[in-house]
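Note that ligands are numbered from 1 as they come in the structure, with each ligand's atoms numbered from 1 the same way. If you're wondering where the values come from, they're calculated on a predicted model, not measured in any experiment.
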Amino acid sequence: MRNNSPFLKLTFEYLDIPDNMYQGSLTVEKRRDRKYQVEFRNVSFKYPGSDNWALRNVNIKFEIGKRLAVVGMNGSGKTTFIKLLCRLYDPTEGEILLNGIDIRKYNYREYMDIFSVVFQDFQLLSLKLGENVAGKIDYDKELVTECLEKAGFSARLAEMKNGTDTYLYKDYDTKDGVDVSGGEAQKIAMARALYKDAPFIILDEPTAALDPIAEAEIYGRFDEIAGDKTAIYISHRLSSCKFCDEIAVFHEGAVIQQGSHASLVADTNGKYYELWNAQAQYYTA
Ligand code: ADP
C-alpha cells in the first residue's frame with residue numbers, strides 16, 4: 001500500500017480535475033428524418049494557452065443529408081473546426097447552432113450521440129475485433145460484420161478463424177491475437193463509426209494511413225457507406241473531395257471559399273484552384 005500510493009496519487013489528482021464544461025439541459029430532438037441543421041456563426045477559437053487564433057470568424061451553414069468536404073493545407077484549422085462541432089472545446093467567440101439553438105444548451109451526452117467521428121488519432125484496444133467495433137462487450141455480431149464489410153474489411157475478416165471474436169494484438173491472446181496494418185486499423189475505426197449509426201458521420205483525413213488503392217476503394221464507396229447520413233469529410237487531398245456536394249476551403253483559420261467542385265475550380269484566382277492544380281500533377285499522369 002505504502003509503495004503504491006504515490007502512483008495512485010497521480011490518478012486521483014487526475015480524476016479530481018473539475019469538469020468546467022457548461023452542461024445544458026435541452027434534449028436533442030430525435031428526428032427520424034435526421035433533419036438537423038448546423039451553423040457556425042462568427043466562430044473564433046484559440047487553444048487554451050495559445051495566443052494564435054486557430055479559427056477566425058468562421059461562418060458556415062450546412063445542409064443535412066449532404067456531403068460536405070473540408071479542405072485546406074495542414075494547419076488551416078480543419079480538425080479544430082470538427083473539434084468545436086463535437087464540443088471537445090467551446091468557441092472562444094461566436095456560437096455554433098444546431099437547429100437554431102446554441103449547442104451548449106443541449107445535454108452534452110445527447111449531443112454527442114448525433115456524431116460518429118473517426119479522428120486521425122483514433123485508438124484500437126487489445127480486445128476482440130467485435131468489441132472494438134461496437135465499443136462494448138455485448139455486441140450484435142451480424143451488425144458488426146455488416147459494418148466491417150461496408151468499411152472494406154471483409155476479406156481480412158474471412159481470414160480470421162475466430163471471426164469477430166478474434167483478439168486484436170497479442171496482449172490478451174498471445175497465440176491467436178492478430179496484428180493489423182495501419183490501413184486495416186483505419187477500416188476497423190470506420191466500422192466503429194458506422195456501428196454507432198449516428199446521423200452525422202465525420203471522417204478526419206481517413207486515408208492518411210491508406211495506400212492509393214485502398215484510398216480509391218474507400219472514396220469510391222464513401223457515398224454508399226454514408227447512406228442517408230450527413231457526412232463531413234476532411235482532407236488535404238482534393239481529389240478525394242470532388243464527389244462531395246459542397247466543399248469548404250479553409251485557409252489560416254478562415255473559410256475562404258465554399259461551393260461545388262465545378263464552381264470552385266472555375267474560379268482561377270481562388271485558393272481551391274491553386275491547390276487543385278498543385279495536386280493535379282500527381283493524378284493526371
Ligand atoms: P488542420 O486540421 O487543417 O491541419 P488544425 O485544426 O489541426 O489544422 O490546426 C489549426 C491551428 O491550430 C494550427 O495553427 C495548429 O498549430 C493549432 N493547433 C492545433 N491543435 C492545437 C493544440 N492542441 N494546441 C495549440 N494549438 C493547436
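Classified by interplanar angle (parallel below 30°, tilted 30° to 60°, perpendicular above 60°), the ring pair Phe81/Phe40 is tilted. Aromatic ring orientation, Phe200 versus Phe115: tilted (interplanar angle from 30° to 60°).
With Glu110 contributing its side chain and Asn107 its backbone, the two residues share no donor-acceptor pair below 3.5 Å.
Within a 6.0 Å sphere centred on NZ of Lys170, heavy atoms belonging to other residues, nucleotides or ligands number more than 12. The local environment of CG in Leu15 is crowded, with over 12 non-hydrogen atoms from other residues, nucleotides or ligands closer than 6.0 Å.
Contact detail for His261 and Tyr272: the closest heavy-atom pair is ND1-OH, 2.7 Å.
Residues with a heavy atom under 4.0 Å from ligand 1: Tyr47, Ala54, Met73, Asn74, Gly75, Ser76, Gly77, Lys78, Thr79, Thr80.
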